[in-house]
Amino acid sequence: MVTKAKKRALAKKPKKTRPTLAIPALKSDSSDFVPLEGGSGGKIPQLSEPPATATVLYVGRIPHGFYEDEMEGFFKQFGKIKRIRIARNRKTGRSKHYGFIEFENPEVAKVVADEIHGYLLFEHQLQIKPIPPERVHPKLWRGMNLRFKQRNWTEIERWRHNRERTVEQHQQLVEHILRRDGRCRKRIAAAGIDYEFPDFVGKKRPVPKKIRFDLD
């Protein structure tokens with residue numbers, strides 16, 4: 001006779017076991033990775049860096065007092081320099097705190113871009129980036145050797161304002177003033193301000209009369 005204990009033991013279901021993924025053992029000269037689907041491993045291809053061809057570098061965040069002579073004295077320790085240019089204001093001649101430098105050897109330019117980028121100089125971190133040859137503007141080095149000459153802009157503007165004008169030039173000047181005044185009147189009217197503007201002096205300039213002489 002089958003006892004109740006045996007019946008209960010036979011009635012018990014066997015426990016399910018989770019399938020395990022068999023991962024092949026890595027060899028001594030093992031692969032770099034093993035696919036999740038299983039199988040033999042593979043190796044990551046070694047990518048070679050492209051050869052450096054850029055010889056022109058952009059130099060940003062140039063501190064005050066670090067100009068062409070100072071830049072040449074600092075960067076010539078890495079290699080021979082062909083050209084240096086700092087962007088300057090046309091009116092004042094002051095530095096705009098960025099410029100460009102060109103080396104003869106592209107390898108030297110790559111070393112400078114890698115090592116000096118972020119270099120702290122007079123509380124300024126230099127920003128150096130290589131410029132590919134195809135992106136170098138043909139007019140980048142224009143005015144490189146020119147020395148800035150201070151101009152008296154007050155005298156220049158006084159001459160422009162007081163110079164003699166023809167009738168057509170005077171009419172264009174008056175039309176420009178009237179257009180600007182019209183925009184100003186519209187803004188004041190839109191703001192709800194009731195203001196009566198005076199007329200401009202010289203709004204209408206008489207045209208010079210043509211005098212006809214008799215030859216008799």
Side-chain angles (χ1 to χ4, degrees), residues 47-166 168-184 186-188:
L47 299 177
S48 59
E49 294 185 0
T53 57
T55 59
V56 180
L57 299 178
Y58 164 83
V59 185
R61 299 212 61 188
I62 300 175
H64 175 68
F66 193 66
Y67 301 140
E68 289 86 354
D69 296 338
E70 290 78 11
M71 286 182 62
E72 184 177 3
F74 178 77
F75 286 106
K76 71 179 181 181
Q77 60 180 319
F78 298 97
K80 194 170 182 180
I81 299 172
K82 290 181 67 176
R83 291 178 284 193
I84 295 177
R85 182 197 170 196
I86 293 180
R88 295 181 177 275
N89 189 295
R90 293 181 59 186
K91 290 187 176 181
T92 63
R94 295 179 180 177
S95 171
K96 293 185 178 180
H97 303 285
Y98 74 92
F100 305 91
I101 182 171
E102 183 179 11
F103 291 92
E104 284 193 351
N105 193 339
E107 297 294 335
V108 174
K110 184 177 183 303
V111 171
V112 173
D114 294 340
E115 300 299 330
I116 307 300
H117 178 70
Y119 184 80
L120 186 62
L121 183 67
F122 297 117
E123 300 181 358
H124 286 249
Q125 281 190 333
L126 297 179
Q127 304 295 315
I128 300 181
K129 298 179 181 179
I131 303 177
E134 62 273 9
R135 297 197 61 184
V136 177
H137 199 277
K139 298 181 181 180
L140 177 63
W141 306 106
R142 175 178 290 184
M144 177 188 61
N145 297 322
L146 297 179
R147 292 293 177 262
F148 179 77
K149 183 180 179 181
Q150 185 69 31
R151 295 185 179 182
N152 192 343
W153 291 101
T154 304
E155 293 293 336
I156 294 175
E157 292 300 327
R158 182 181 292 113
W159 174 82
R160 289 177 179 175
H161 184 272
N162 297 333
R163 64 179 176 178
E164 294 184 0
R165 294 180 174 87
T166 61
E168 292 78 8
Q169 291 175 347
H170 178 78
Q171 189 66 25
Q172 291 177 359
L173 179 63
V174 171
E175 291 176 358
H176 174 71
I177 295 175
L178 293 177
R179 284 196 302 268
R180 186 174 58 185
D181 179 68
R183 292 193 296 265
C184 182
K186 289 180 181 178
R187 288 196 299 267
I188 293 177

Quiz item: According to the side-chain hydrogen bond (donor to acceptor under 3.5 Å, both in side chains) rule, which pairs have a member within residues 65-89, sequence neighbours left out?
Solution: His64-Tyr67, Glu68-Arg88, Arg83-Glu102
Quiz prompt | With sequence neighbours excluded, residues passing salt bridge (Lys or Arg N to Asp or Glu O under 4.0 Å) with Glu157 | solution = Arg160
Exercise. Determine whether Ile128 and Phe75 make a side-chain contact, defined as any pair of heavy atoms from C-beta on separated by less than 4.5 Å.
Key: yes
Quiz item: Short question: side chain of His117, backbone of Gln127 - any donor-acceptor pair under 3.5 Å?
Solution: no
Quiz item: With side chains defined as the heavy atoms from C-beta onward, is the minimum distance between Leu178 and Glu175 less than 4.5 Å?
Solution: no
Exercise. On the 0 to 90° scale, with breaks at 30° and 60°, tag the Trp141-Phe100 ring pair as parallel, tilted or perpendicular.
Key: perpendicular
Practice problem: Enter the distance from Asp181:CG to Arg179:CZ here, rounded to the nearest 0.5 Å. | Solution: 12.0 Å
Practice problem: Evaluate whether atom NZ of Lys96 has more than 12 neighbouring non-hydrogen atoms of other residues, nucleotides or ligands under 6.0 angstrom away. | Solution: yes
Exercise. Please name the pair of heavy atoms, one in Gln125 and one in Leu120, separated by the smallest distance, quoted to 0.1 Å.
Key: CG-CD1, 4.1 Å
Quiz prompt | Heavy-atom closest pair, residues Thr53 and Pro133 | solution = O-CG, 3.7 Å
Quiz item: About how many Å separate CG of Asn105 and CD1 of Ile81, when rounded to the nearest 0.5 Å?
Solution: 13.0 Å
Practice problem: Mark yes when over 12 heavy atoms from residues, nucleotides or ligands other than Tyr119 sit less than 6.0 Å from its OH; otherwise mark no. | Solution: no
Self-check item: N-O pairing of Arg158 and Glu155 below 4.0 Å
Solution: yes
Exercise. Enter the distance from Met71:CE to Ile101:CD1 here, rounded to the nearest 0.5 Å.
Key: 5.0 Å
Self-check item: Separation of Leu140 CG from Ile131 CD1 (nearest 0.5 Å)
Solution: 6.5 Å
Quiz item: Parallel, tilted or perpendicular for Phe74 and Phe78, by the 30°/60° rule?
Solution: perpendicular
Quiz item: Can you tell me how far NE2 of His176 sits from CD of Gln171, rounded to the nearest 0.5 angstrom?
Solution: 14.0 Å
Quiz item: Atom CD1 of Ile62 and atom CG of Leu126: how far apart are they, to the nearest 0.5 Å?
Solution: 7.5 Å
Quiz prompt | Nearest heavy atoms of His124 and Pro63, plus distance in Å | solution = CD2-CB, 3.8 Å
Practice problem: For residues Pro130 and Ala54, report the shortest heavy-atom separation together with the two atoms involved. | Solution: CB-CB, 4.0 Å
